[in-house]
2 protein chains.
Amino acid sequence: MDKENKMGVPAHVHAVPPSDRAPLFAVTNVGSHTASHCITLCETCVLRGLCLPAGLNQNEVERLDTIVNRKRSLKRGDYLHRAGGELQSLYAIRTGFLKTCMLHDDGREQVAGFHMMGELVGMDAIGSGKHVSDAIALEDSELCEIPFAEFEQLSHDLPALQQHFHRIMSREITRDHGVMLLLGSMRAEERLAVFLLNLSKRFAARGYSATQFNLRMTREEIGSYLGLKLETVSRAFSHFQNQGVINVQNKSIEIKDLGRLGELINR
Amino acid sequence: MDKENKMGVPAHVHAVPPSDRAPLFAVTNVGSHTASHCITLCETCVLRGLCLPAGLNQNEVERLDTIVNRKRSLKRGDYLHRAGGELQSLYAIRTGFLKTCMLHDDGREQVAGFHMMGELVGMDAIGSGKHVSDAIALEDSELCEIPFAEFEQLSHDLPALQQHFHRIMSREITRDHGVMLLLGSMRAEERLAVFLLNLSKRFAARGYSATQFNLRMTREEIGSYLGLKLETVSRAFSHFQNQGVINVQNKSIEIKDLGRLGELINR
DNA sequence: CGCAACGTTGAAATTCCTCAATTCACGTGG
DNA sequence: CCACGTGAATTGAGGAATTTCAACGTTGCG
């Protein structure tokens, strides 16, 4: 096991390319600060810098730890919540990968987002008190449950937490605006390039390779997220590969030229 | 002047169809509770039920009133804020109509939203402290300025305000998800139908006619918001008119059959 | 081993965009 | 008050991008 790292996310540690079904973690102390049977505290979690505790001091994190329930774990395909269900808790992803889906009255369904470790899920339910989307695990995942009522109470006591929570929600808004821009004004290959670069950036921020990773979602799910049909996604992947910009083999992606992938975005 | 109405929004009062350049207001006590030279307080504002004070008690609204600055007014075309500018304040729209625009590195611009009275603008800037979008008045508008630092302080003192603010941000997220669904999975005419029905609903919620209103934005701006070209928007309007679902004349819209417009959305 | 889900590829069909011409609405200045 | 100019809107024809339909290959799981 790697030595414990208290500095939050080790930005320059690059993981070996994850093999197809192998777990994702570059850092091995997610989940425990002493031994694997221990429940991790936010206090010692590697994701601390990315997650809810970011910017809190020692004492504040300890108080946050008192309300967080770390027991929730999901198998691939499990629902974390369903549209229409009551909001009980927000969830921070400790390990794994989720998607959220909205579904329209007429049955049309669309992936609203893909979520990875350190990210917070469930904020869309605050407005009405009910979830507006389904959240489904794309691989076995572990989650920290944050009971919302207690969280609001606590964030009242801890201004720093409240501010950070506002920032997280606001970032969710700007993220959505980015997707709107993508859906409204980009062509198929541009969309896919944006998607790949976004994944790359998020993996890198968690200490994984920015250029080699495994997709957790199908072509159809990618297409749904990007407003494209699965065949279009597949063709775009093939085209990128023929251009030598990436290597794709099923779910395994290698970005061979990050710069050129970025250039593809500007028409 | 109409008699003062303390019940928030008069949902069943329908306005005369606004003439082309006439002001929008169905309710005449927006802006004053005694005489027109007086500055309105949230306490007496007709929009109270839709805006930030919703759900606050008398005392809480009075405290909110102490930090709100009601002086900001914009002429058509004026910027409320620009992308990159520091977040100073959030703004509640008292009268008028705004659009927010994001612009991509390569110059592509997209309308992110249209905003009308009672709505809050500026939340996208909380994440980074800088505005991510431009906000531009589509007609002469008056705004309530809410200095953000003071607001966060106050919402710390008033849990009800904090909760309501969370709800407002969350609703912004679900609104954006709705737009993503629209952009990702609907065809041109469906998008326009959704757009018209959404406007209709929002006008109705403010006491105006759900079936007759004036657009404040150009075909190009509608298209930008919906991910379509202006010609496509124009053709869709014409098609709806030929079907007898709406009447369009330039900016003036009459929805002749709300039900049928709704049916157009399900393929 | 075989089935089922996933992925790739091709050809035809559709939707939307681009380009272009024309009309309309509105504000300005003669 | 009218003429004019400008920006906005409508409409048509042709073309480009994406979807649809279909066939086939691959992967992984029971």
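Given the structure is predicted, the values throughout are model-derived calculations rather than measurements.
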Pull out every protein N or O sitting under 3.5 Å from an N or O of nucleotides 20-23 of chain C, one pair per line with the distance.
none

Tell me, please, which residues at least two apart from Q88(A) pass side chain to side chain donor-acceptor pair (under 3.5 Å).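 Q88(A): no side chain to side chain donor-acceptor pair (under 3.5 Å) contacts found.
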Note every stem involving DNA chain C: at least three consecutive Watson-Crick or G-U wobble pairs, i with j then i+1 with j-1, with both distances under 3.5 Å.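 Only these stems qualify: C:1-30 with D:1-30.
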By side chain to side chain contact (heavy atoms under 4.5 Å, CB included) - contacts of [X] (at least two apart):
| X | answer |
| --- | --- |
| T218(B) | E220(B), E221(B), K251(B) |
| L197(B) | L258(B), L261(B), I265(B) |
| K201(B) | none |

Do the ring planes of F97(B) and F114(B) sit parallel (below 30°), tilted (30 to 60°) or perpendicular (above 60°)? tilted
Any side-chain hydrogen bond (donor to acceptor under 3.5 Å, both in side chains) pairs touching residues 226-240 of chain B, not counting sequence neighbours?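 The answer is E189(B)-H239(B).
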Suppose the criterion is side-chain hydrogen bond (donor to acceptor under 3.5 Å, both in side chains): which pairs have a residue in residues 171-182 of chain B, not counting sequence neighbours?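 Listed once each, the pairs are D176(A)-H177(B), H177(A)-D176(B), E172(B)-R175(B), R175(B)-Y225(B).
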Nucleotide dG7(C), atom C1' - distance to CD of Q241(A) in whole Å: 13 Å
Residues touching DNA chain D, which here means a heavy atom under 4.0 Å, drawn from residues 217-230 of chain B: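 T218(B), R219(B), L230(B) - these, ordered by number, are the residues of the stretch whose heavy atoms sit under 4.0 Å from the strand.
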Mind checking what makes salt bridge (Lys or Arg N to Asp or Glu O under 4.0 Å) contact with [X], not counting sequence neighbours?
| X | answer |
| --- | --- |
| K130(A) | E86(A) |
| D257(A) | R260(A) |
| R202(B) | E119(B) |

dG7(C) phosphate, OP1 or OP2: any side-chain N/O from K251(A) under 4.0 angstrom?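 For dG7(C), OP1/OP2 do have a side-chain N/O of K251(A) under 4.0 Å.
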